[in-house]
Amino acid sequence: MQYGFHVDARRCTGCKTCALACTDFHDLSPDIAFRQVYEYGGGAWSRGADGLPVGSAFAYYLSVACNHCGNPACVRVCPTGAMHKDERGLVSVDADRCIGCGYCALSCPYRAPKVDRAAGHSAKCDGCTRRVAEGLAPVCVEACPRRALDFLPADELRERYGDEADLPPLPPASATAPNLAITLPPAASDLQAVRERGCVLNPREIV
Amino acid sequence: MTGFATAFGEITLVLFTTLAPSGAAAYLIMGLPVLTGRATGEDARRLNRLTCLPLLIAMAGLIASATHLGNPANALYVFTGAGRSPLSTEVCCAVAFLALAGIFWLYSFAEEPRRWLQRALLGAIDVSIVAFVAAVAYAYDVDTIITWSLPLVPVALVLNALVGGPLIALVGFAAARWAAPWRLLVALPAVAAVANAAVYVVLGGDLAPLANELASVSQLVPAYPVWVAAFVVLVFAGVVVAWRTGRRTAGMKEGAGHKRAAAFASGAPAGIGASSPATAKATAAVGTEATAKATAEVGTEVTAKATAKATAKVAVCFSRRAGRRAVVGYSAAALLALAGIFIMRFVFYMTHLTLGLGV
């Protein structure tokens, strides 16, 4: 069994309700976030030969949490086995084994695990595994006012939403095999231009 | 955004990776006279006891690294990840080295230690040291961390150990008043420092174009060449201080066997670099008490036959005063080199950058 997230980058407006609900539900401190929303954009307006403005500007939002990867770097490097995949394929921290070394946080290309210094161990999105066990969706999925998030068993996820998981600012999916399906934004029709011109526009919001 | 906060957050690991590999390399070097049988009797006893010096330096690094753990109470679980997690492998190698070295040190206080057992222990310790330094070098070689999984990163750390290790070993040899081939032990870090500086220059070129979606290396480590320059200045200052210390103290012998002892200390046939077993056993009991078997007396000519039969007293050719001066001088040299290594270890943590979003 393996669960995964779907993010619809055409529907997401970057309202951050998902991040807010997550922070509230898990009672996180301001320096820890399990889900974050990246504003990604670039390009410019210029004047064409006919004197009319020509736009190459683009922007989209991407809500990112742990993608409960098939080949998770955090699990690979964890010295104690505290970082593990549970029976639903969700990557979770066993606080009774974790030494708080932070190796998981250093190695994750999605910035998912954090070290909770006050608690003395790593902390991360566990896919709201207790809610899922009760037949509920993760709180971020339930909170999204645009229904841009979903959470399903991986095969159902792929069937319904495809298997696209390569979209800036995310790392190449080949690195960790994320269980993530993205509905690409219109700008992604020219991915090369997105990669060349785009950047994270809200870096100071990122924890 | 710079990598200073990242490196400062991992300052204890900076300290660990500065001290532990150099301390381990120093231990290996200090054990060679006993391992190869060139130091015996009282010399070996003194050398063995002073292995606590590099051991303490390596332990200081390990203890420093443990302080960054959020929950050390779960530390025993680390052993379950050996071979799977690079960090576990590193810790297992460290524990093997420290445990064996601790046992060896305690055994050095035995009234009649068995030489074969000591040499066997030293052999095992040396294997654990090589494994430990390699494990530290590859501890952060994770494919998602693009700045740390470069081929030259582990090379730089091994060279760090070859720069710091011999200089620390010189302190230990001086404290034991063992006439190690100081020219060799200064030349080794000098050559290693040149190679290390070259590696850092090339590594800087490899790192420069690297970036992810949130930062670039040039943002994380502004003025990389300045950091490398500081490394070069400090490390070569250490080498120069060690060289001057060696030159000054090599001539400070007691008794009439000065010339022999000076020649021995400065050169070829002595200690680690010795090539002839007969030479290794040769004696010139300068500044020490002669044992029953030791026949060479200060101020007398020693025949080749007598020299071959005599026990190894020749190595102890420092006077106590010269020994103290050498300890101070070599300590200063080692500290300078370690300061240079510390800077580049700090820079290493500043460069942390993953694919995608990790900074």
Side-chain angles (χ1 to χ4, degrees), chain A residues 36 38 40 62 64 67 69 71-83 94-113 115-123 166-176 178 195 198-204 206, chain B residues 1 3 5-7 9-10 12-13 16 65-92 94 135 138-149 211-216 219 348-349 351-359:
Chain A
Q36 306 192 77
Y38 291 84
Y40 200 83
L62 206 55
V64 180
N67 294 305
C69 302
N71 180 23
C74 58
V75 173
R76 272 188 281 146
V77 301
C78 177
T80 63
M83 193 68 77
D94 181 349
D96 292 333
R97 286 179 80 99
C98 181
I99 54 173
C101 67
Y103 205 177
C104 51
L106 289 173
S107 61
C108 176
Y110 292 94
R111 219 181 165 87
V115 181
D116 185 340
R117 292 291 172 200
H121 57 75
S122 292
D166 274 326
L167 179 68
L170 302 185
S174 57
T176 58
R195 291 186 199 286
C199 65
V200 174
L201 299 173
N202 61 339
R204 295 175 73 180
I206 305 304
Chain B
M1 176 185 286
T6 307
E10 306 288 353
T12 53
L13 292 178
F16 165 66
S65 75
T67 61
H68 98 292
L69 299 181
N71 191 355
N74 291 335
L76 284 178
Y77 286 115
V78 169
F79 295 105
T80 64
R84 175 183 56 78
S85 163
L87 202 61
S88 281
T89 307
E90 176 195 58
V91 171
C92 289
Y138 283 96
Y140 290 97
D141 185 19
V142 182
D143 53 5
T144 53
I145 309 177
I146 51 177
T147 47
W148 292 358
S149 56
N212 71 7
E213 295 290 351
L214 288 177
S216 66
Q219 285 175 304
F348 169 78
Y349 285 94
T351 62
H352 170 258
L353 203 65
T354 72
L355 293 163
L357 297 166
V359 178

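Computed from a predicted model, the values in this text were never measured in an experiment. Lettering follows sequence order; numbering is per chain, from 1.
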Under 4.5 Å from a heavy atom of chain B, the part of A118(A) involved: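 Neither part, no heavy atoms under 4.5 Å.
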Atom group of V115(A) that falls short of 4.5 Å from chain B, counting heavy atoms: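 Neither; nothing under 4.5 Å.
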When [options] are compared by non-hydrogen pairs under 4.5 Å with chain B, the top option:
options: A175(A), S122(A), C108(A), A112(A); result: C108(A)
options: L170(A), L106(A), V200(A); result: L106(A)
options: P171(A), P169(A), G100(A); result: P169(A)
options: I99(A), V77(A), D96(A); result: I99(A)

Within the side chain of [X], is there an N or O that forms a donor-acceptor pair under 3.5 Å with the backbone of [Y]?
X: T80(A); Y: R97(A); answer: yes
X: T147(B); Y: T351(B); answer: yes
X: Y40(A); Y: G198(A); answer: yes
X: N67(A); Y: C69(A); answer: no

Counting heavy-atom pairs under 4.5 Å to chain A, which of [options] comes out on top?
options: I145(B), L357(B), T354(B); answer: L357(B)
options: S85(B), A73(B), G356(B), G9(B); answer: S85(B)
options: E90(B), E10(B), H352(B); answer: H352(B)

Segment of L87(B) engaging chain A (4.5 angstrom heavy-atom cut-off):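 For L87(B), backbone and side chain are both near chain A.
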Contact class of V78(B) relative to chain A, heavy atoms under 4.5 angstrom: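 Contact with chain A is through both the backbone and side chain of V78(B).
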Contact summary for P113(A) and C74(A), nearest pair of heavy atoms: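 Heavy-atom minimum between the residues: CG-CB, 4.2 Å.
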Residue list, ring-ring contact (aromatic ring centres under 6.0 Å, His included) with Y103(A), at least two apart or on another chain: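 Expected list: Y140(B).
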